[in-house]
Visitor: 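Got a structure for you, questions after.
All figures in this text were calculated on a predicted structure; none of them were measured in a lab. Letters A, B, ... mirror the listed sequences (proteins, then strands); counts begin at 1.
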There are 2 protein chains.
Amino acid sequence: MSDIAARVGVSQALVSLVFRNQPGASPQTRERIFQAADELGYRPDAAAQLLRRTRSRQLGVLFTMRHPHDVDIVEAIYPAAEKHGYNVALSAMAVARDERQAVDELLALRSEAILIIGAASRPSDLTSIVGQTPVVEINPRTRADGADAVRTADSKGVRQAVDHLAELGHRSIAHVDGGTMPGASERRRGYRTSMRRRGLAGHIQILAGDYTEESGARAARELLAQDHLPTAVIAGNDRCAHGLLTTFLRAGLRVPEDVSVIGYDDSQLARLSFIDLTSVRQGAADVAELAVQAAAERLDEGRTTDRDIVLEPTLVVRGSTGHPHPR
Amino acid sequence: MSDIAARVGVSQALVSLVFRNQPGASPQTRERIFQAADELGYRPDAAAQLLRRTRSRQLGVLFTMRHPHDVDIVEAIYPAAEKHGYNVALSAMAVARDERQAVDELLALRSEAILIIGAASRPSDLTSIVGQTPVVEINPRTRADGADAVRTADSKGVRQAVDHLAELGHRSIAHVDGGTMPGASERRRGYRTSMRRRGLAGHIQILAGDYTEESGARAARELLAQDHLPTAVIAGNDRCAHGLLTTFLRAGLRVPEDVSVIGYDDSQLARLSFIDLTSVRQGAADVAELAVQAAAERLDEGRTTDRDIVLEPTLVVRGSTGHPHPR
DNA sequence: CTGAAAGCGCTAACAC
DNA sequence: GTGTTAGCGCTTTCAG
């Protein structure tokens with residue numbers, strides 16, 4: 001940068017101003033600076049900027065790449081952050097890399113807030129940073145004290161699913177739950193109450209699962225081994241629904257003629273033509289926007305109280321649900 | 001850090017030494033420094049370290065999260081980088097975020113080398129950095145001049161697939177290709193030559209695809225519309241195979257009894273019990289290790305010539321392939 | 001509109 | 001073993 005200053009014959013400070021689009025330089029100087037930068041192949045140095053700036057305007061994002069819906073959210077965070085004037089630092093959780101390491105890295109990079117997608121941690125793991133740094137949890141397993149949360153009204157989502165099926169004429173509707181995964185207990189509760197409200201308490205059947213394809217496949221096999229197959233199954237998420245659906249197909253059943261299947265997330269998977277899954281939508285763009293907004297409120301507007309932001313889910317009806325067919 | 005120094009009553013430089021595990025401090029001092037750091041809640045500042053250090057030892061990784069196999073590679077890069085003493089900086093390519101932006105960000109963070117997974121770019125997009133910064137392309141569409149590449153011998157992989165099917169008794173083997181996607185042309189070529197070598201030139205049938213599930217589904221529909229369905233299909237990758245397989249199932253066919261399907265990548269998808277896809281393996285851990293190694297060779301050992309690292313693929317036989325059944 | 005000077009938190013080279 | 005010094009590349013403050 002000093003090279004540019006020397007070349008153009010101005011001070012370094014002025015060059016800095018120009019790059020930051022601050023007022024205080026004549027249009028001609030600006031032009032000459034940009035040109036010189038170009039000629040010299042100048043690249044800003046993020047380390048130096050970060051070090052010197054009073055605010056880093058960095059948002060740290062913690063994620064895993066295993067759920068298609070989480071991927072959608074990560075992608076949506078970029079434009080949302082930009083809109084609020086923040087940069088994004090990514091840190092992946094992987095098998096050999098736990099949440100602590102990933103958070104430490106983000107904090108070392110001066111992240112002003114941490115967004116965690118599908119937090120696996122027990123609240124205790126976060127206590128060290130909560131309070132020091134704003135934390136926004138997106139679809140957490142359990143809400144940590146002192147952190148904001150963005151999630152959808154899971155019980156309502158499942159209720160819509162049950163209502164949709166009931167209106168199609170289904171009575172025997174099973175649910176494969178998500179165990180301790182984010183939102184799973186609320187979805188399970190939503191299933192139970194909606195079934196009761198519809199007078200289908202006697203048809204309640206919950207199978208244990210965990211949001212993976214294999215848990216869906218396992219549940220499907222369990223159901224196939226029963227005397228009496230339910231006419232519809234609500235999965236804990238899309239991945240689980242995928243396992244259910246394909247295992248049914250493999251067994252020679254037809255979806256939705258023999259059995260209807262509903263997923264949760266409305267991820268890319270649900271939209272595939274050969275999956276074509278009726279699913280409960282949690283808009284990734286909305287979730288990302290609200291999460292960034294929550295962080296910005298703490299950072300820019302000084303909010304200090306916790307917010308629990310609950311989005312309304314909507315059922316997206318596709319080809320995996322239909323009227324039950326008497327056999 | 002100066003706080004710690006003051007508290008313990010030593011110089012800042014000594015504290016720095018201790019944190020970097022360098023020799024030059026007595027065990028007692030070390031202990032006292034660590035304790036003071038703990039009490040003060042000290043966190044290292046990556047920006048300052050990066051700025052001051054002669055070497056950043058950062059590896060920039062460019063990726064998309066859309067292919068399960070790419071995700072596997074990203075995860076595998078962490079341990080590989082650590083082994084070679086490097087940190088990892090992630091930058092995602094997404095719809096609203098092109099390769100240029102992502103690379104600029106990584107370079108601003110002082111990445112000493114860039115690893116690109118499944119590079120979409122035409123070589124021209126990289127010319128500005130190639131030569132300035134070592135670039136390693138993992139499974140690139142086309143190899144850029146001046147960059148290293150890590151990929152598998154795609155033609156051999158497909159050849160193994162053809163051989164496996166031929167040995168099972170298949171003659172009518174189709175291929176859904178990957179268009180201009182990484183490795184696709186070589187896989188296509190491998191298919192053609194292996195078929196000819198087996199005396200199956202008359203059975204060569206190539207359908208256009210692009211490594212997505214939908215292209216597999218589309219190809220399956222095309223095949224189903226034909227008078228004569230091939231007894232086996234080799235897909236361009238696992239995602240494509242997934243679309244093929246499920247579309248066949250939907251149409252009431254059985255896999256592998258009515259049609260065998262082979263994928264490519266041996267990604268997580270292939271291993272799902274209800275997909276159970278015979279697939280050509282490109283070990284993510286090996287790919288990651290070799291890519292990091294290639295970068296390290298340039299950075300630490302001064303290599304300046306390009307390397308094209310080609311891995312031997314292996315066919316992983318699962319349940320989606322079997323003997324052809326006469327109908 | 002422009003410039004000079006200070007310093008962010010740390011590391012590297014050298015002296016003691 | 002330990003301390004001193006200088007300075008990475010940039011932004012910020014204050015003075016022209």
Visitor: Are any of the side-chain nitrogens in Arg55(A) or Asp300(A) under 4.0 Å away from the carboxylate oxygens of its partner?
Guide: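 Looking at Arg55(A) and Asp300(A), the cut-off is met.
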Visitor: Are the side chain of Asn237(B) and the backbone of Tyr211(B) linked by a donor-acceptor contact shorter than 3.5 Å?
Guide: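 Yes; at least one donor-acceptor contact below 3.5 Å.
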Visitor: For residues 24-33 of chain A, which residues have at least one heavy atom under 4.0 Å from DNA chain D?
Guide: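 Within residues 24-33 of chain A, no residue comes under 4.0 Å of DNA chain D.
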Visitor: Please set out all donor-acceptor pairs under 3.5 angstrom arising from side-chain atoms of residues 284-296 of chain B, sequence neighbours excluded.
Guide:
unit_1: Glu289(B); atom_1: OE2; unit_2: Lys83(B); atom_2: NZ; d: 3.2
unit_1: Glu289(B); atom_1: OE2; unit_2: His84(B); atom_2: NE2; d: 3.1
unit_1: Glu289(B); atom_1: OE2; unit_2: Gln293(B); atom_2: NE2; d: 3.0

Visitor: How would you list, by chain and number, every residue that makes a side-chain contact (heavy atoms from CB on, under 4.5 Å) with Ser56(A), sequence neighbours excluded?
Guide: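 Result, side-chain contact (heavy atoms from CB on, under 4.5 Å) vs Ser56(A): Leu50(A), Gln58(A), Arg110(A), Glu112(A).
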Visitor: Can you give one letter per nucleotide of nucleotides 11-16 of chain D, 5' to 3': B if a protein heavy atom sits under 4.0 Å from the base, S if only from the sugar-phosphate, - if neither?
Guide: BB----
Visitor: In chain order, what residues pass the side-chain contact (heavy atoms from CB on, under 4.5 Å) check against Asp308(B), with sequence neighbours excluded?
Guide: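 So Asp308(B) forms a side-chain contact (heavy atoms from CB on, under 4.5 Å) with Arg143(B), Ala149(B), Arg151(B), Val310(B).
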Visitor: Does Ser26(B) have any side-chain contact (heavy atoms from CB on, under 4.5 Å) partners at least two apart in sequence or in another chain, and if so, which?
Guide: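 Ser26(B) satisfies side-chain contact (heavy atoms from CB on, under 4.5 Å) with Gln28(B), Thr29(B) once adjacent residues are dropped.
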Visitor: For Asp3(A), check side chain to side chain donor-acceptor pair (under 3.5 Å) against everything at least two apart and list the hits.
Guide: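 Asp3(A) satisfies side chain to side chain donor-acceptor pair (under 3.5 Å) with no residue once adjacent residues are dropped.
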Visitor: Which residues pass the side chain to side chain donor-acceptor pair (under 3.5 Å) test with Ser111(B), sequence neighbours left out?
Guide: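 Not a single residue meets the side chain to side chain donor-acceptor pair (under 3.5 Å) criterion with Ser111(B).
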Visitor: Does any N or O in the side chain of Arg52(A) come within less than 3.5 Å of the main-chain N or O of Ala48(A), such that one atom is a donor and the other an acceptor?
Guide: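 Side chain of Arg52(A) to backbone of Ala48(A): no pair is present.
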Visitor: Note the angle between the end axes of the helix from dC1(C)-dG16(D) to dC16(C)-dG1(D), five pairs defining each, rounded to 10 degrees.
Guide: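 Both end axes considered, the difference amounts to 30°.
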Visitor: List in chain and number order the residues that pass side chain to side chain donor-acceptor pair (under 3.5 Å) with Arg303(A), two or more places apart in sequence or in another chain; answer none if no residue qualifies.
Guide: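 Listed in chain order: Asp148(A), Glu297(A).
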Visitor: Given 3.5 Å as the limit, does a donor-acceptor pair link the side chain of Arg97(B) with the main chain of Ala102(B), or not?
Guide: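 No; zero donor-acceptor contacts below 3.5 Å.
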Visitor: So where does chain B start and stop touching DNA chain C, 5' to 3', when the test is distance under 4.0 Å to a non-hydrogen atom?
Guide: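 Nucleotide range with atoms under 4.0 Å of chain B: dG9(C) to dA12(C).
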Visitor: Grab the CG-P distance between Leu51(A) and dG7(D) for me, whole Å please.
Guide: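 My rounded result for the distance is 17 Å.
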Visitor: Looking at residues at least two apart in the chain, or sitting in another chain, which of them share a side chain to side chain donor-acceptor pair (under 3.5 Å) with Arg57(A)?
Guide: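 Counting only residues at least two positions away or on another chain, Arg57(A) forms no side chain to side chain donor-acceptor pair (under 3.5 Å).
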